[in-house]
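This one's a predicted model, so the numbers in the text were calculated from it and none came from an experiment. In what follows, chains are A, B, ... by sequence order, proteins preceding strands, each numbered from 1.
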Amino acid sequence: MNFDFSEQQKLIQSEARKFLREQCPPERMRQVMEQDAAFDDDLWSRIRDLGWMGLAIPEQYGGLGLGYLELCVIAQELGRALAPIPFSSNVYLFNQALVIAGNEAQKQRWLPRVAGGELVACTAVAERVGDQPNSLPVTEITQDGRLHGQKIAVVDGMRAEVALVSARSSKGEVILCLLELDQAGCERAATESLDLSRPLATLTLNDVKAEPLAHCTAQTLTELYNTAAVLFAFEQVGGCEAALKMGMSYTKQRYAFGRPVATFQAIKHKFADMYVAKEIALSNAYYGAWALASSAPELSLAAATARVSANQAYFECSRENLQAHGGMGYTWEFDCHLHYRRAQHLSLVLGGTPYWKERINTELLRAE
Amino acid sequence: MNFDFSEQQKLIQSEARKFLREQCPPERMRQVMEQDAAFDDDLWSRIRDLGWMGLAIPEQYGGLGLGYLELCVIAQELGRALAPIPFSSNVYLFNQALVIAGNEAQKQRWLPRVAGGELVACTAVAERVGDQPNSLPVTEITQDGRLHGQKIAVVDGMRAEVALVSARSSKGEVILCLLELDQAGCERAATESLDLSRPLATLTLNDVKAEPLAHCTAQTLTELYNTAAVLFAFEQVGGCEAALKMGMSYTKQRYAFGRPVATFQAIKHKFADMYVAKEIALSNAYYGAWALASSAPELSLAAATARVSANQAYFECSRENLQAHGGMGYTWEFDCHLHYRRAQHLSLVLGGTPYWKERINTELLRAE
Amino acid sequence: MDFKDTPEQAQFREQIRAWLKENAQPKTETETVRELSARYQQARAWYKKKAAAGYACLEWPKKYGGAGLTPIHKLIWSQEVAHYDEPDDYFVIGLGNCGPAIMHFTEEPLRSKLLQRMAANEDVWCQLFSEPGAGSDVAGLKTSAKQADNGEWRINGQKIWTSGAAHCDYGVVLCRSDTTVSKYKGLTMFIIDMRQPGVEVRPIKQMDRGQHFNEVFFNDAVVSDQYRLGAVGGGWEAALLVLMNERMAITAAVPNGFAEFFEFVRSAELDGKPIRNHPLVRDRLAEWHCMDAGVRAGFYRMFTAVAQGGMPGAEGAIGKLVAGKMNQDIAQFTLQLMGAAGAIHDPKIAHENAYFQDAILYTPGIRLAGGTDEIMRNIIAEQVLGLPQEPRADKGIAFEDIPSN
Amino acid sequence: MDFKDTPEQAQFREQIRAWLKENAQPKTETETVRELSARYQQARAWYKKKAAAGYACLEWPKKYGGAGLTPIHKLIWSQEVAHYDEPDDYFVIGLGNCGPAIMHFTEEPLRSKLLQRMAANEDVWCQLFSEPGAGSDVAGLKTSAKQADNGEWRINGQKIWTSGAAHCDYGVVLCRSDTTVSKYKGLTMFIIDMRQPGVEVRPIKQMDRGQHFNEVFFNDAVVSDQYRLGAVGGGWEAALLVLMNERMAITAAVPNGFAEFFEFVRSAELDGKPIRNHPLVRDRLAEWHCMDAGVRAGFYRMFTAVAQGGMPGAEGAIGKLVAGKMNQDIAQFTLQLMGAAGAIHDPKIAHENAYFQDAILYTPGIRLAGGTDEIMRNIIAEQVLGLPQEPRADKGIAFEDIPSN
């Protein structure tokens with residue numbers, strides 16, 4: 001048994017952490033929030049130069065040809081650093097969709113541009129409040145590849161050049177299509193996001209030209225979300241670790257009643273509970289990483305488990321870090337709310353906890 | 001607004017508390033548990049002499065003609081004292097069933113005997129694991145009043161002389177019947193109870209003679225359980241208060257790391273949470289008492305609310321009192337488990353929390 | 001046990017019902033939670049209106065501009081006004097906290113002058129206790145007051161979390177007048193003119209982007225000794241009186257989110273299905289109903305106790321402790337049900353005018369303001385249950401020797 | 001990242017799989033949780049069988065009667081034996097806790113003699129640390145050890161929560177040898193012969209009516225100085241070594257009730273309907289699955305760390321903290337679903353052989369034994385996260401002056 005990342009992977013992680021500590025302090029996220037920017041272009045181009053976007057993309061498409069495990073450790077560091085960039089939209093979702101269900105022409109067209117960080121992509125699935133990833137879209141695609149409909153909560157939708165859009169095929173099945181957004185009939189409107197550093201858009205599609213992923217099946221979206229759930233879980237765990245560290249460091253310095261706040265049992269036990277939640281999420285994320293890297297049949301269960309634990313752990317860690325800061329935690333100036341907002345965002349955009357819990361049930365009770 | 005018990009009622013309560021403190025220390029419950037007795041006959045006869053069984057029974061049937069509010073304060077004290085007697089079976093259930101749905105002859109026959117404490121009655125509703133109070137019984141009553149079936153979890157069923165039995169009428173509706181247990185075709189078997197001081201029986205009924213409550217409707221059982229839920233809630237809150245007091249008193253005396261255990265913040269906050277749960281349950285029980293005493297249309301919602309809060313509060317208080325005692329709390333010798341067992345018993349025998357939560361929903365979302 | 005008014009109470013209730021119907025603004029369906037600071041003008045207009053009708057400061061003596069009635073009348077007023085969309089509690093800190101301190105600690109003619117102006121809403125008051133380094137531990141505050149030879153005091157330091165300070169004319173400020181004695185003994189309380197030189201108010205931007213609270217900086221602000229409240233070194237006792245009045249100020253319960261959640265359950269559809277039929281939602285509805293109902297019934301018990309001449313108990317602390325976490329849990333649960341679209345913070349798209357998105361961002365504040373959850377549990381444990389204090393690291397030594405940051 | 005054995009591990013696993021298949025008793029469907037004390041004879045027989053085959057004390061040196069293998073072999077053994085109904089961990093306290101202390105603190109020839117007899121299960125050992133007045137605060141113990149002029153020690157006092165003491169031949173006992181120095185400095189540890197005069201064992205009746213634990217009374221029990229473990233006054237350091245070995249003794253995780261709940265969800269019908277379709281039950285299944293899966297995956301991480309020569313971390317503390325409350329919550333939730341019949345504690349009537357009724361009564365013990373939930377959180381906060389200690393009331397003063405009950 002070797003249930004750990006390799007030395008090489010750990011090295012990639014520590015280099016990433018060092019880079020992001022220097023290049024992506026919380027002020028980066030704050031700038032995007034306060035300037036209503038789409039993302040941090042400067043950080044994005046630096047990360048492109050490091051080759052992270054093509055880490056898991058085969059060399060033939062311009063990537064580094066490494067695997068999912070390398071992506072997992074990078075994700076953890078991006079989450080820790082609250083990086084305000086469309087990495088997940090491009091790499092976990094758009095890129096993965098092509099890997100899973102694109103044909104050679106589609107891959108050749110798009111993967112090199114993802115690997116080179118030359119485009120921003122988005123994924124558009126939800127249409128109404130309450131839609132789950134498995135809800136059948138109202139958005140239709142006609143036989144000749146024209147899309148009609150509206151998509152909401154599209155992360156990075158205001159800046160994206162291309163979108164992965166779920167639609168109802170003429171057979172009444174879900175299909176994923178590639179849609180170039182710079183065409184007539186395609187309107188975008190910004191909607192405020194809980195995580196102001198990760199803006200959302202509403203896309204209105206009126207008879208626009210799209211191209212289905214060539215090998216898309218009814219299972220493709222589920223498979224795609226499994227992969228993304230594991231990677232999101234690593235981002236979330238990275239966030240948990242940052243929030244926990246922030247809370248401990250603040251309460252060790254801050255005094256009340258003549259002693260450091262961190263010496264009070266109520267505060268210590270709060271941190272112990274946060275740590276337990278984080279460790280459980282981390283262990284489940286590891287298991288998801290193993291399942292992803294080894295294409296194990298357990299992936300579906302492992303991904304849902306990792307996601308539910310990570311959703312809960314990051315909410316708890318970001319919420320109680322804020323609480324441990326006392327009144328100052330409630331100010332705009334302190335960074336506590338950055339994690340709290342990011343925790344909301346990450347736990348919602350791939351579908352909320354109830355959806356993923358139901359996925360766990362489906363897997364656990366399958367075959368019975 | 002006068003949302004409190006009257007001075008007279010408070011006097012009854014303080015007298016009851018004083019009486020039970022002297023006459024019903026926890027050893028009483030322990031004796032019943034350890035001797036596999038049905039209940040504490042001695043305490044029962046003393047309580048009969050005080051007239052508590054007939055407190056709310058009209059004078060014409062041999063009672064004191066007081067109201068439900070007096071019964072509520074007595075219930076709270078019985079719960080506090082862990083009284084191991086069939087008071088609830090006789091007074092909250094059997095007696096109330098007659099009051100709600102008996103005809104004059106039935107009342108005249110049974111109420112004076114309840115008021116005088118001359119009999120033990122039981123209520124037999126559940127038939128299978130998972131049955132809820134509103135499950136349609138399999139037990140049938142024929143046109144000529146013969147019962148066939150089996151009832152489980154019958155509190156006080158081993159000692160009772162008469163049972164109130166739910167059965168399916170020939171119309172397919174639930175009906176409550178009076179059944180004298182001392183007849184051929186009626187078998188009883190003891191089953192172990194979580195609360196060993198409140199024994200349970202399985203009743204097997206094979207062509208036995210029973211008499212429907214004359215004015216019984218499809219709603220009677222629900223009404224009966226509403227009344228009982230409020231009175232049970234007062235017993236449960238009394239138990240919460242005793243458990244909280246026990247835990248505080250023990251941890252104030254006991255030292256660890258050079259200071260009383262009660263000075264540790266984790267322990268203090270535990271007690272604060274227990275107190276909050278208890279206060280919420282108490283306030284909801286008050287509201288239930290008001291609804292009961294004033295026959296308010298809110299009774300159904302108020303009773304369900306009181307029950308759910310009381311179920312949860314007593315579980316929490318009894319469980320965390322035990323926890324606060326440390327290892328000693330886990331011994332047979334200490335009294336912590338007496339409350340913990342009683343909390344289980346009271347929260348289950350009228351139907352568990354999920355049933356009553358559903359009742360709350362029915363009431364809240366009624367008319368919509 | 002009943003919910004009936006006495007004949008006198010019933011008559012008073014009828015009277016104010018009639019008056020409110022004529023004068024107060026009804027609630028509307030589309031109402032959104034407005035920032036407190038945005039309601040200042042409305043609050044002021046409403047106050048003047050009710051003061052003119054004789055309904056301001058109901059329980060204050062008439063000589064100070066009150067109505068000379070009792071706390072019960074105030075409670076009845078609170079119940080009735082709650083049916084309208086008026087910011088009736090807006091000036092509660094001045095009236096409920098500062099007012100009684102002025103009544104208790106000042107002499108005539110200053111007393112009547114200050115109170116009458118406060119009762120007439122000519123002066124608005126704030127309370128200046130918390131500091132950046134003294135939140136949960138208020139008595140650890142450092143803002144200094146030094147007396148000059150002429151008897152005047154000079155105040156230096158910084159206060160924080162001062163509600164509505166930008167609109168205030170006066171404040172009650174707690175200062176450290178002696179660092180060489182123990183923590184609770186070296187405090188002195190003063191009235192301060194918020195418009196005077198050396199007092200600077202700066203708004204705090206909250207994480208939900210609201211700006212109701214302020215920082216207040218004192219830079220050699222001079223206060224005459226006549227404005228001292230209580231004895232030199234008697235500030236803590238004076239502060240306790242103010243805080244007890246805070247507890248006495250029986251205001252509406254802290255928002256716990258239940259009403260909004262109930263409305264959501266009643267009306268919302270998710271993924272094309274009414275959520276009222278979802279067992280998990282029903283489980284939560286019942287759970288939160290029990291807490292909401294219990295807190296409400298607890299207030300009825302308190303109301304009764306006060307009507308009988310008693311003091312309010314721990315009901316406020318329980319209500320606040322329950323409300324903060326519950327409201328946050330409700331918001332989280334509801335957003336999760338909404339799926340990806342839960343991340344959209346837009347009243348045109350999200351249910352209940354984005355109440356739950358607003359709430360996820362403001363509920364952390366409920367769990368902190370007026371005492372954190374942890375401090376509430378300390379209060380319940382020590383003041384209600386009588387459990388012993390922890391060993392104190394700040395006991396029996398001079399303030400200047402207490403470890404601090 | 002993989003779950004593969006090395007070739008050598010795979011070969012070992014194959015070998016023990018084959019042996020277990022021949023020799024161990026399979027699990028049966030109707031198996032009920034048996035009281036530990038009732039399994040003593042079975043445990044002893046099983047131990048002799050595996051010792052004869054060379055599978056006892058896998059990681060001990062051969063000269064002490066072990067197999068001379070590594071902790072990994074022990075872990076592989078634990079994984080494989082878990083598939084059978086054998087009480088393989090029965091003697092873990094003697095072997096896992098006392099054994100390493102004997103190895104570390106005694107001299108030859110006593111060392112080899114004691115360890116070989118322990119490894120052969122000729123002697124069974126127990127650990128005597130906790131006292132009625134020293135549970136969470138073990139170092140507050142009072143059992144006294146006084147040395148006579150001839151060098152012998154006399155032990156007086158009372159220990160509690162001694163697992164299986166009635167069957168034990170020897171114990172490791174921690175005593176207070178000096179009350180005039182500070183708490184952690186006045187302790188000394190000894191070996192004690194449990195059959196000697198002055199040692200009396202009395203079973204404790206647990207609230208679930210089990211009787212696995214005991215009280216042990218010492219009344220002038222004499223111990224030779226040769227049986228002292230470590231220095232006079234060095235008992236706390238010696239105890240830490242024992243307790244670290246407790247942490248090292250990588251045994252099966254504390255039962256968390258998930259497997260039984262899962263089986264219940266798969267198979268049970270309530271009120272005529274399969275409960276697997278009930279959304280509230282499904283919500284709980286997913287919740288508890290996540291915790292169970294996370295604890296299990298945490299053990300894989302620990303396994304890997306140990307295989308790489310590292311030390312186990314906080315995984316055991318996390319597993320125990322999660323398991324106790326979760327198992328209690330599972331029992332409570334399930335009983336509530338059963339309605340009135342949940343109150344029946346009878347394996348013929350209740351689901352899963354009344355597992356949940358048993359569990360509601362034994363889970364409080366999980367939350368207390370081996371450190372309460374509160375102590376587990378202290379350990380995680382201080383030892384894992386490095387948070388500062390609380391101010392200590394028992395620091396820097398002689399033991400006899402520390403307030404106690």
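Among the candidates B:V129, B:T263, B:L200, the residue making the largest number of heavy-atom pairs closer than 4.5 Å to chain D is B:V129. Interface remark: of the candidates B:A266, B:C336, B:S193, B:G351, B:S193 forms the most heavy-atom pairs closer than 4.5 Å to chain D. The candidate from D:L335, D:L270, D:L368 with the greatest count of non-hydrogen atom pairs under 4.5 Å with chain B is D:L368. For chain B, the option among D:A134, D:A268, D:A343 with the highest count of heavy-atom pairs below 4.5 Å is D:A343. Of the listed residues (D:I204, D:I360, D:I402), the greatest number of heavy-atom pairs within a distance under 4.5 Å of chain B belongs to D:I360. For the set D:G365, D:A139, D:S130, D:G272, the count of heavy-atom pairs under 4.5 angstrom toward chain B peaks at D:G365. With respect to chain B, the highest number of heavy-atom pairs below 4.5 Å among D:A350, D:A393, D:A354 belongs to D:A393.
In this structure, chain D has heavy atoms under 4.5 Å from both the backbone and the side chain of B:A256. For a residue to count as touching a neighbouring chain, one of its non-hydrogen atoms must lie under 4.5 Å from one of that chain's; by this rule B:L196 touches chain D with the side chain only. Heavy atoms of B:F334 lying under 4.5 Å from chain D are absent altogether.
A donor-acceptor pair is defined here as one N or O able to donate and one able to accept, closer than 3.5 Å; no such pair exists between the side chain of B:Y355 and the backbone of D:Q336. Of the possible donor and acceptor atoms, none in the side chain of B:R341 sits under 3.5 Å from a partner among the backbone N and O of D:L361. Under the 3.5 Å distance criterion, the side-chain polar atoms of D:D346 are left unmatched by any main-chain donor or acceptor of B:T191. Here the side chain of B:Q323 pairs a donor or acceptor atom with the backbone of D:R367 at under 3.5 angstrom.
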Going through the distances and angles, do D:N405 and B:Q253 end up as a side chain to side chain contact (heavy atoms under 4.5 Å, CB included)? CA-CA 7 Å; D:N405 50 335; B:Q253 288 159 29; 5.7 Å; no
Kindly indicate, with the supporting measurements, whether the criterion side chain to side chain contact (heavy atoms under 4.5 Å, CB included) is fulfilled by D:M338 and B:D131. CA-CA 7 Å; D:M338 293 181 188; B:D131 272 1; over 6 Å; no
For B:F257 and D:R392, run side chain to side chain contact (heavy atoms under 4.5 Å, CB included): C-alpha distance rounded to whole Å, both residues' side-chain angles, the deciding distance at 0.1 Å, then the answer. CA-CA 7 Å; B:F257 305 102; D:R392 293 288 295 261; 3.5 Å; yes
Tell me, with the steps shown, if D:I344 and B:T202 meet side chain to side chain contact (heavy atoms under 4.5 Å, CB included). CA-CA 10 Å; D:I344 304 173; B:T202 295; 5.6 Å; no
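Nearest approach of B:V349 to D:A340, heavy atoms of both residues: O-CB, 3.7 Å. Taking all atoms of both residues into account, the shortest heavy-atom contact from B:R254 to D:G135 is NH2-N, 4.3 Å. Taking all atoms of both residues into account, the shortest heavy-atom contact from D:Q328 to B:F315 is CG-CZ, 4.3 Å. The two atoms that bring B:Y330 and D:Y362 nearest to each other are OH-CA, 3.4 Å, heavy atoms only. Heavy atoms only, all atoms of each residue included: D:A341 and B:I152 are closest at CB-CD1, 3.6 Å.
A donor atom on one side chain and an acceptor atom on the other are not found under 3.5 Å apart for D:E390 and B:Q265. Between D:D137 and B:Y255, the side chains place no donor N or O within less than 3.5 Å of an acceptor N or O (distance only, hydrogens not considered). Between the side chains of D:Q332 and B:Q344, at least one donor-acceptor pair of N or O atoms lies under 3.5 Å.
With respect to the salt-bridge test (charged N to carboxylate O, under 4.0 angstrom), the residues B:E192 and D:R209 qualify. With salt bridges taken as basic N to acidic carboxylate O contacts below 4.0 Å, none links B:R128 and D:E269.
Side-chain contact between B:L322 and D:M207: present, with at least one pair of heavy atoms (C-beta onward) separated by less than 4.5 Å.
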